Number of protein chains: 2
Amino acid sequence: MRILVIEDEEGLSDFITLELKHEGYEARPVYDGREGLEAALGEEWDIILLDLMLPKLNGIEICRRVKAVKDTPIIMITARDSVMDRVTGLDSGADDYIPKPFAIEELLARIRVIVRRNEKLSSQPSMSLAFKDLELHIDSRMLKKGDRWIELTKKEYELLFILMKNINRVLTREMLVEQVWDYDVGIETNVVDVYIRHLRNKLETADKEEYIQTIRGIGYIMRDEK
Amino acid sequence: MRILVIEDEEGLSDFITLELKHEGYEARPVYDGREGLEAALGEEWDIILLDLMLPKLNGIEICRRVKAVKDTPIIMITARDSVMDRVTGLDSGADDYIPKPFAIEELLARIRVIVRRNEKLSSQPSMSLAFKDLELHIDSRMLKKGDRWIELTKKEYELLFILMKNINRVLTREMLVEQVWDYDVGIETNVVDVYIRHLRNKLETADKEEYIQTIRGIGYIMRDEK
DNA sequence: TTGGATTATGAAAAAAAATTCATTTTGCGT
DNA sequence: ACGCAAAATGAATTTTTTTTCATAATCCAA
């Protein structure tokens with residue numbers, strides 16, 4: 001875990017660096033803005049600790065320039081607990097800020113938090129179901145037809161989801177009502193029919209392609225062949 | 001690919017079995033219901049072809065009993081194209097049906113479809129974000145607090161999602177409005193505040209635990225420590 | 001401690017989604 | 001071809017969600 005410490009007060013900087021090393025991190029102190037930016041951009045860091053007030057090049061500017069290029073987490077050290085400082089700091093892209101003076105334990109805690117977060121943020125799978133020229137995206141709950149994006153309401157999405165998860169499997173109205181509407185008793189409404197219609201309206205734009213087939217006396221199906 | 005063919009008309013049964021083998025499947029014919037059920041339950045099959053009308057034990061019953069135990073795909077072969085047959089067939093859990101007489105090519109197509117589907121249906125990851133005693137489930141869009149499930153509206157979900165994806169990171173109203181509402185210009189509404197309130201109302205039930213903190217002059221944050 | 005800015009809050013208004021209902025159209029068995 | 005059941009359809013109604021607005025409460029700096 002490599003941490004870059006950009007802080008001009010040598011006493012503080014060395015203290016932080018020492019503490020970080022003591023915690024088992026690899027830490028490097030840099031004492032002015034120009035040098036800091038160079039180090040931040042030139043090498044790979046896991047976290048950057050950045051003082052707002054720096055000689056030669058101020059923290060805001062460094063933060064902005066770094067964030068423009070990469071997403072290294074930055075913790076801003078603000079001199080006073082002033083709103084303006086924090087605002088500009090965060091607007092320039094900082095991930096967190098810590099007001100001076102601070103307890104070293106608090107800084108360490110914030111670092112641990114960022115480390116933990118970045119560990120999690122690794123594997124984020126994204127699913128989608130496909131049928132003909134349709135793609136139902138699970139994460140965004142949107143439907144892609146060819147190159148068009150179609151918005152779906154909750155019920156529309158849930159209904160289409162069940163249908164597309166069961167391509168080539170006939171679904172009775174009972175099944176659909178049970179899974180989408182949670183009515184566990186026999187249906188006495190035609191919500192399914194109505195929502196099938198809504199879906200058809202959204203899907204069957206202009207082209208004569210038929211996506212949802214009616215199986216008379218039974219229910220609906222999305223079929224690949226014949 | 002192992003396929004079980006439960007069909008009492010020996011001519012048809014042998015014909016199907018032969019064709020399946022010709023296609024490269026491993027197929028076994030079974031000529032009556034009792035034997036069929038035994039084979040279906042006792043061994044692992046990728047697909048079961050099941051005639052509705054069988055001596056000793058009818059197809060519906062077999063289908064029901066098999067589906068009660070496992071989820072082997074079943075294609076029902078219905079004698080006549082009668083609605084009642086299909087209804088009971090599907091209600092008993094069959095995945096598809098094919099009316100007799102049928103072209104062998106159609107049967108093969110339906111089998112291919114099921115095979116393909118099952119190939120896809122393998123890896124379905126399910127994500128969730130966690131914070132304190134909260135779990136935001138990405139697939140169901142529901143929030144679990146301890147052991148209680150809380151429903152969220154679209155905006156509530158999207159807002160909470162951003163917040164929980166950025167634990168320990170302060171988010172300005174601008175950031176939130178941009179990501180949840182798509183207003184790319186400066187805000188002139190207080191929707192964010194209002195929805196933060198909605199979330200707090202849903203989250204902060206009875207216990208004094210504070211989930212969403214206000215950072216005055218800046219925005220909101222969900223913080224782990226201090 | 002006070003004033004002004006910021007946030008919280010309740011509730012009204014507007015918009016969207018879900019449901020129901022009445023009617024028309026379609027498909028299928030006779 | 002006819003009649004009936006099933007499905008499609010359009011639209012009204014109800015419910016929920018989203019947004020706006022006016023006001024109250026809170027926080028912080030001077």
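This one's a predicted model, so the numbers in the text were calculated from it and none came from an experiment. Residue numbering restarts at 1 for every chain, and letters A, B, ... go by the order of the sequence lines.
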For A:D193, the salt bridge (charged side-chain N to carboxylate O under 4.0 Å, His left out) test, sequence neighbours excluded, returns A:R173
Restricting to nitrogen or oxygen on both sides, can you table the protein-nucleotides 3-6 of chain D pairs closer than 3.5 Å?
{"from": "D:dA6", "atom 1": "N3", "to": "A:R216", "atom 2": "NH2", "distance (Å)": "3.2"}

Residues passing the salt bridge (charged side-chain N to carboxylate O under 4.0 Å, His left out) test with A:E9, sequence neighbours excluded, are A:K100
N or O in side chain of B:T214 less than 4.0 angstrom from C:dT6 OP1/OP2: no
Short side-chain N/O contact from B:Y220 to OP1 or OP2 of C:dT6, under 4.0 Å = no
Taken in chain and number order and not counting sequence neighbours, the residues that satisfy ring-ring contact (aromatic ring centres under 6.0 Å, His included) with B:F131 are none
Residue set satisfying side-chain contact (heavy atoms from CB on, under 4.5 Å) with B:D32, at least two apart, ordered chain then number -> B:R34, B:E35, B:P55, B:K56
Only residue of A:K145, A:K132, A:R200 satisfying side-chain hydrogen bond (donor to acceptor under 3.5 Å, both in side chains) with A:Y211 is A:K145
Sorted by chain and residue number, the salt bridge (charged side-chain N to carboxylate O under 4.0 Å, His left out) partners of B:E135 (sequence neighbours excluded) come out as none
The salt bridge (charged side-chain N to carboxylate O under 4.0 Å, His left out) partners of B:K155 (sequence neighbours excluded) come to none
Close N or O pairs between protein and nucleotides 14-21 of chain C (under 3.5 Å):
{"from": "C:dA18", "atom 1": "OP1", "to": "A:K155", "atom 2": "N", "distance (Å)": "3.3"}
{"from": "C:dA18", "atom 1": "OP2", "to": "A:T153", "atom 2": "OG1", "distance (Å)": "2.5"}
{"from": "C:dA18", "atom 1": "OP2", "to": "A:Y195", "atom 2": "OH", "distance (Å)": "3.2"}
{"from": "C:dA18", "atom 1": "O5'", "to": "A:Y195", "atom 2": "OH", "distance (Å)": "3.3"}
{"from": "C:dT19", "atom 1": "OP2", "to": "A:W181", "atom 2": "NE1", "distance (Å)": "2.4"}
{"from": "C:dC21", "atom 1": "N4", "to": "A:N190", "atom 2": "ND2", "distance (Å)": "3.3"}

In whole angstroms, the gap separating P of D:dA8 from CD1 of A:I212 amounts to 10 Å
note: B:Q213, atom CD; C:dT6, atom P; distance rounded to Å ~ 20 Å
Contacts of B:T72 meeting side-chain contact (heavy atoms from CB on, under 4.5 Å) (sequence neighbours excluded), chain-then-number -> B:W45, B:I48, B:K70
